[in-house]
Every structure is written in structure tokens, then in C-alpha cells.
Amino acid sequence: MTNANTESPEVSAPSNFLREQIAEDVRTRKFGDAVIQTRFPPEPNGYLHIGHAKAIFLDFGLADEFGGKTNLRFDDTNPEKEETEYVESIMKDVRWLGFEWEKLRYASDYFAQLYEWALQLIKAGKAYVDDLSAEEIRRYRGTLTEPGRDSPYRNRAVEENLDLFERMKAGEFPDGSRVLRAKIDMASPNLNLRDPVMYRILHATHHRTGDAWCIYPMYDFAHGQSDSIEKVTHSMCTLEFADHQPLYKWYIAQLGIFPSQQIEFDRLNLTYTLLSKRRLLQLVEEGHVRGWDDPRMPTLSGIRRRGFTPEAIRAFVASVGATRTNGIVDIEMLEHFQRDDLNRRAARAMAVLRPLKLVIDNYPEGQEELVEVANNPEDASAGTRGVPFSRELFIEQEDFRETPPPKYYRLSPGKEVRLRNAYFITATSVQRSADGSLEVHCTYDPKSRGGNSPDGRKVKSTMHWVSARHAITAEIRLYDKLFLKPDPGDVAEGGSFLDNLNPSSLEIVSDAKLEPSLGSAKPGDRFQFERVGYFCVDPDSSETRKIFNRTLALKDSWAKIEKKAES
RNA sequence: UGGGCGAUCGUUCAAUGGUAGGACAGUGCCCUUUGGAGGCACUUAUCCAGGUUCGAAUCCUGGUCGCCCAGCCA
């Protein structure tokens, strides 16, 4: 495994219990000479989301720290839900985060071995074929407070079990007619140990093994053994599998195979975000979003298209850490790390989302010039570029008020402000242009070229602008939270999480005016539109029409002041 | 109501028997050619009750609260 991100922003990695456990196991040589081996084991039944990023950074990152290796293993034991499309997207996402797996494996690689192990357990009297229906098995299992009862088929002879199991494999029986179960303890307080199902009959075509099998192992009879086969030393998974650990150990002990160790950590939860594959699938299928990679989706493909970076996700995940407590992380935390990363790296540009014409009456008609602008004030090595300036400009509508409210520093009649990197201007009047639209007239101070006045007078505000004659027109997609509530699942009786969908999560601005240099931007390129936010070029763009996604808005303290004044 | 796991600022993560600290959010000030960024300051926490100890967030006991488990899903 290699880690492409080791040189990325210093993330103070606080100690966590996983790291400490591994360190101790190394110290005590729990696994002898074996190197630390982990695995990332998604089921290919959907797209990866930000929650998986945490698991990925833990699985790959921790192994890397200890000089170990990580496999990518698809847990593909349920042919009814799994598809090659998902396998491919998952590989793409893992690589995008900056990781390369040691070995690519599938649980289905181990179907033959797993079958042999099942036979071994049958022969040892530890497994039996049960003819009970699913419904009957459920009833015999008992409840949380009452013990279960033995199936009438529990004590079948080994020979009969062998015969029946082989015939299950041969396809003699219909789906659901029989299962293979482990013979453990129907009275166990842990329901997972009440004779768990090992194999079920499924006449379904598997995305990799096709129709070679019609019996498929359950998760519990595949996961631990797959770990063991791969000599996984630390098998990290989320908390809801803690109850499965005794079973995980039971199979390994009965089979006498490599003792992989399962360790559970908490799942990532985010405010205003849904991280359930089932519901995400519903959003896609019912058309509430434009697809798995809709920039509003918490999928890795969605936030990638939105403009998020692997480096920011890594810093975020590191700060969130891993524990065994279940909580919900404020989405602002993720946004902070993303802004922090983009602030350092994103090239600056000027773009006016909602144009208002500004005419400089004392600037000679027909004249134009190039003003020099820093590509990134945070990074001198990013250099400078020339931006065309002329008599007629576009400024942001919200940067002008005919009657300014208190504390409004921007342009209003009689007020002087700075056009960034260009000149000081003073608004003189508001007029209707020939086509009926509003335009603001002003005068400029030629001696303030570059943005400083020679007499040292100051202005309260600096505004971005675009030369009307040189501007390119583009579409800009402004995204807001997909859900209105911090917990999208917080719904009234009989309601659905869909009731919490934000009706204005997408706003399309179709005629934004951008500085001409943006005409050569390529899909995926990221920018900070000064004073507005971070944006990236959407793959829907064409040569003639650029489309930008807003990754995040800049923090807006004026909006805060204005809001406070209202209340 | 059986079993498992957990509980520290509003949120998140530390403190591994010895000064409860960082980050996010919030508030105020400074600075600023982005009302961005940056700097400084401030506010706020050990679930409760007992016990052990010179000393407890940490160990013990008893409560309370939260999450997970009754798929032939993973």
C-alpha cells in the first residue's frame, strides 16, 4: 500500500484507542512476525459516502503508520444487491482519497474454501441443515428476553446433513426451503449465537461467479474467515458489529485458523446529512437529486464533484478521530477543513453572480487597460495575471444600496470604495439604461491605480468587478444543505425524511459574469471567486458554456450583521 | 424488560491516578486591497450518589441516561 497524501497538511493525529491497541499488539508481538494487515471491506451495493472515508483513512492510515498493508476486499456474499457498477465506483473513490490497496480481493474468491469449511463443521457435529421456514426460524429464535427453542432438525445425523447440504449446493432445492446453521446455543443472551444461519439458498446470478453457486454464505460465515485467509491482524469495523464478535471468534476457533482480531469504532454521523445507503438510494431512484454524484449528495462522488478535496477530508476525519461513543459531528467542522484547504491552494478569480452595471463617467470611452492581480494572496509563488478593466463594469447587485443600512460599508450614492486591484470610485447617481435596467454611475480617481490613493485616504470597502466588454457568461450552481433539519430523520408521526428535504438546495444562476481568464478553466479546476466562495468547474461544462459548482460560500460576516439587525 | 457498548465545554477529540487542554461553533477587540484569511481575548464541561487514595475525569460499588441486537441483509 502506498499513501499519496503523506505530505499533505500536518494533521495532528491525537492518540486513539485503535492506534494504541495496535501499538500494544506490536509491542507484545501478539501476531508474532506477521506484519500489521488491515482491510477495507465494502459491500458493492451502493456508492461510498463520507462515512466510509473515515473507515478508509483508519484502515489504510493505521496500517501505513505501522508499516503494514491494507487489502481492498469486496464483501459480495449477497448476489441480489451487488453490482459491478458499484465495484468500479468504490475503487475509484478509494484511489481518489489517495490510497492504493495491497491486494484486491472478493469474499466470492473464497466461496470454495468457505464451502469446505462448512463441510468441516458439519462433520464435527457443529452445523446442521434446517428445514424450518424463515418465519419458523424467527419464532424459534425467541426474543430479547426469552430464550429460543431448538429446531426439530437440530440433531440430524452428520451423514444426513452432509447429503442435504451437498444437494443444496447442487441446486435440488428452491430458495428458502433449507439453510445450513451453526449448532451453538439457542438460549444464548446474544441472539447472534442462537444457531446462526451459515448458508442460504439463492438461485441468483452473482456479479462475479455468475450461476456457479446457488448457495451463498452469510456475512458472519464469510467475513471473519476472509480476514483470516488474508492474515488480517486488525479487522476494524463499526460499533453495530460488536455483538457479532463472539460469533466471529467462534468460527475462527472451531476452524482453527488465523486469529484475526475484530475491533469496533463509532460510525461517522454529520448534522444535516443522511448517511444510510438505503435512503441515499431512494433519493437517487426517486429523482430528488440528479444522481449518485449530485454535488448535494454526501457520497464521495458527490462531494468530489462539489469540489471537496481528499486532503480536507483527511484533515477532517483525523480531527473527528475514532472512539466508541456515538455522536453527531457538526457539518461546519467538515466545511471548516475544506475552506482551510482551499484558502491555501485555490487560485483567485473575480466573478459577479448577480450583475449590476457600473459606468465610470470620467473614464475615457473606448479605453481599456490590464490591471495586475495576485493569483493567490496566500501564496506568492502562484504569481499574477492581468485582468482587463474598462469604462463599463459589472459589480454585484448586493454591493450597492441606494439607501444604505447602518454599518453598510459598500457602495452607495456619494460613497467612495475600492475596486479590487483597480481604482477608487465614488458613486454619483443611479440611472435607467436604454434597455430599462438599472445602472450605477460613478467617477474614478485616476491617481489610485492599483487600488491605493496617493494621499493616503482610506475606504471601508473593497469590491470585486468584471469588465462588461470582456466578461464571459457562465452558469453557476449554488448548493445549499439538502436537508432543513440537523437530523434529517427527525420527522413527525407517519412522516418521512423526504419531508425535511430543502426545496432550495439547488439554485441555478444562468448569467453570471466572469473575468475572461476563467474561459480556459477545465472540469475539476478549483477557484476562489473573491468575496463570494469556492467554486469548481462541473463536468457538464462545454467549450462554449462553463458551468461552475459552488463548493462552499466564504464566511460572510456582513450577512451575520444584517441578520442580527433584522431580529 | 435479556445481552453488549458507552457517558468530559453547544459539538468533537485529548488528558492513560498528579495544573481538565485543543479544534469547530459563538462573543468581543486588533489587523486587512476579499466584511475572506490572520492575531488576541472571552464564555462554557468531567451524568448522579457513595467509596478507595495524600490526590479521581481516570479505580470500585450502586443508580441514571443514550446507542446497538430478535434478516435466509451487510
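Per chain, numbering begins at 1; letters A, B, ... match sequence-line order. All values derive from a computational prediction rather than experimental measurement.
Nearest nucleotide to the A:Asp243 side chain, out of B:G6, B:C72, B:C69: B:C69. Comparing B:C13, B:A74, B:U27 by their closest approach to the side chain of A:His244 singles out B:A74. Counting only heavy atoms from C-beta on, A:Leu191 has its side chain closest to B:A70 among B:G71, B:A70, B:C67. Of the candidate nucleotides B:U12, B:A25, B:C13, B:C13 has the atom lying nearest to any side-chain atom of A:Thr325. With B:A23, B:G6, B:G71 as the candidates, the nucleotide lying closest to the side chain of A:Met333 is B:A23. Minimum atom distance to the side chain of A:Pro189 is reached by B:G2, of the listed B:C5, B:C13, B:G2. The side chain of A:Arg420 lies closest to B:U34 when the candidates are B:A74, B:C24, B:U34. Residue A:Lys564 has its side chain nearest to B:G28 when only B:G2, B:A25, B:G28 are considered.
Nucleotides B:G2 and B:A14 have their P atoms positioned 31 Å apart, rounded to a whole Å. When the C1' atom is compared between B:U58 and B:A45, the two are found 16 Å apart, to the nearest whole Å. Across the C1' atoms, B:G36 and B:C31 are found 13 Å apart, a figure rounded to whole Å. Comparing B:A41 with B:G21, their P atoms sit 14 Å apart, to the nearest whole Å. B:G66 and B:C47: their C1' atoms are spaced 11 Å apart (whole Å). With both ends at atom C1', the span from B:C59 to B:G17 equals 8 Å, rounded to whole Å. Taking the P atoms as reference points, B:C67 lies 14 Å from B:U1, given to the whole Å. If you take atom C1' in B:C40 and the same atom in B:U52, they sit 44 Å apart, rounded to whole Å.
For the residue pair A:Asp195/A:Tyr128, the side-chain donor-acceptor check at 3.5 Å is satisfied. No side-chain N or O of A:Tyr248 forms a donor-acceptor pair with one of A:Gln262 less than 3.5 Å apart. For the 3.5 Å distance criterion, the side chains of A:Ser381 and A:Asp379 qualify, holding a donor opposite an acceptor. Using modelled atom types and a 3.5 Å distance limit, the side chains of A:Ser228 and A:Gln225 yield no donor-acceptor pair.
A sub-4.0 Å separation between OP1 or OP2 of B:C72 and a side-chain N or O of A:Arg141 is present. For B:G6, the OP1/OP2 oxygens have a side-chain nitrogen or oxygen of A:Arg324 closer than 4.0 Å. Taking only side-chain nitrogens and oxygens, A:Arg200 comes nearer than 4.0 Å to OP1 or OP2 of B:C73. Taking side-chain N and O atoms only, A:His464 has no distance below 4.0 Å to OP1 or OP2 of B:U34. Between A:Ser319 and B:A23 there is no side-chain polar atom (N or O) within less than 4.0 angstrom of OP1 or OP2. Phosphate contact (OP1/OP2 of B:A74, side-chain N/O of A:Thr77, threshold under 4.0 Å): present.
Figure legend. B:U64 is base-paired to B:A7; pairs are counted as Watson-Crick or G-U wobble with both atom distances under 3.5 Å. A 3.5 Å limit on both hydrogen-bonding distances identifies B:G51 as the Watson-Crick or G-U partner of B:C59. B:A74 is unpaired under the Watson-Crick or G-U wobble criterion, no partner having all donor-acceptor distances under 3.5 Å. Nucleotide B:U27 is matched to B:A41 when pairs are restricted to Watson-Crick or G-U wobble geometry with both distances under 3.5 angstrom. Of the nucleotides present, none pairs with B:U46 by Watson-Crick or G-U wobble criteria with both distances under 3.5 Å. The base-pairing partner of B:G35, taking Watson-Crick or G-U wobble contacts with both distances under 3.5 Å, does not exist among the strands shown. Across all strands shown, B:C69 is found opposite B:G2 as a Watson-Crick or G-U wobble partner, with both distances under 3.5 Å.
With respect to the salt-bridge test (charged N to carboxylate O, under 4.0 angstrom), the residues A:Arg324 and A:Asp266 do not qualify. Salt bridge annotation for A:Asp487-A:Lys485: absent, with no cationic side-chain nitrogen under 4.0 angstrom from a carboxylate oxygen. With salt bridges taken as basic N to acidic carboxylate O contacts below 4.0 Å, one links A:Glu562 and A:Arg401. In summary, A:Asp227 and A:Arg73 engage in a salt bridge, as defined by a charged side-chain N under 4.0 Å from a carboxylate O. Here A:Glu416 pairs with A:Arg457 in a salt bridge; the nearest charged N to carboxylate O distance falls below 4.0 Å.
Taking syn as a glycosidic angle within 90° of 0, B:G71 qualifies as syn.
No engagement by A:Asn45 is indicated, since no non-hydrogen atom pair under 4.0 Å with the nucleic acid exists. Contact annotation for A:Val197: backbone-only contact, meaning every heavy-atom pair under 4.0 Å involves sugar-phosphate atoms and none involves a base. Within the 4.0 angstrom heavy-atom criterion, base atoms lie near A:Leu132. Counting any heavy atom pair closer than 4.0 Å across all strands shown, A:Gly176 reaches a base atom.
Note: A:Tyr47 and A:Trp292 have parallel aromatic rings, judged against thresholds of 30 and 60 degrees for the angle between ring planes.
Atom CG in A:Asp487 sits roughly 17 Å away from atom C1' in B:G10 (whole-Å rounding). Rounded to a whole Å, the CG atom of A:Leu419 is 13 Å from the P atom of B:U34. Note: CG (A:Asp185) to P (B:G3) measures 14 Å, nearest angstrom. Regarding A:Phe17, its CZ atom lies at a distance of 11 Å from the C1' atom of B:G6, rounded to whole Å. Remark: C1' of B:C69 and CG of A:Leu247 are 13 Å apart, rounded to the nearest angstrom. Distance A:Met198 CE to B:C73 C1': 18 Å, rounded to the nearest Å. Protein atom CD of A:Glu264 is 15 Å distant from nucleotide atom P of B:C68, rounded to whole Å. Atom pair A:Asn326:CG and B:U11:P shows a separation of 13 Å (rounding to whole Å applied).
Counting heavy atoms from C-beta outward, A:Ser235 and A:Thr38 have side chains that stay 4.5 Å or more apart.
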For nucleotides 35-37 of chain B, print each protein N/O atom paired with a nucleotide N/O atom at under 3.5 Å, atom names and distance only.
{"from": "B:G35", "atom 1": "OP1", "to": "A:Arg531", "atom 2": "NH1", "distance (Å)": "2.6"}
{"from": "B:G35", "atom 1": "O3'", "to": "A:Ser557", "atom 2": "OG", "distance (Å)": "2.9"}
{"from": "B:G35", "atom 1": "O2'", "to": "A:Ser557", "atom 2": "N", "distance (Å)": "3.3"}
{"from": "B:G35", "atom 1": "O2'", "to": "A:Ser557", "atom 2": "OG", "distance (Å)": "2.9"}
{"from": "B:G35", "atom 1": "N7", "to": "A:Arg410", "atom 2": "NH1", "distance (Å)": "2.7"}
{"from": "B:G35", "atom 1": "O6", "to": "A:Tyr409", "atom 2": "N", "distance (Å)": "2.7"}
{"from": "B:G35", "atom 1": "N1", "to": "A:Lys407", "atom 2": "O", "distance (Å)": "2.9"}
{"from": "B:G36", "atom 1": "OP1", "to": "A:Ser557", "atom 2": "OG", "distance (Å)": "3.0"}
{"from": "B:G36", "atom 1": "N2", "to": "A:Glu378", "atom 2": "OE2", "distance (Å)": "2.7"}
{"from": "B:A37", "atom 1": "O2'", "to": "A:Asn343", "atom 2": "ND2", "distance (Å)": "3.1"}

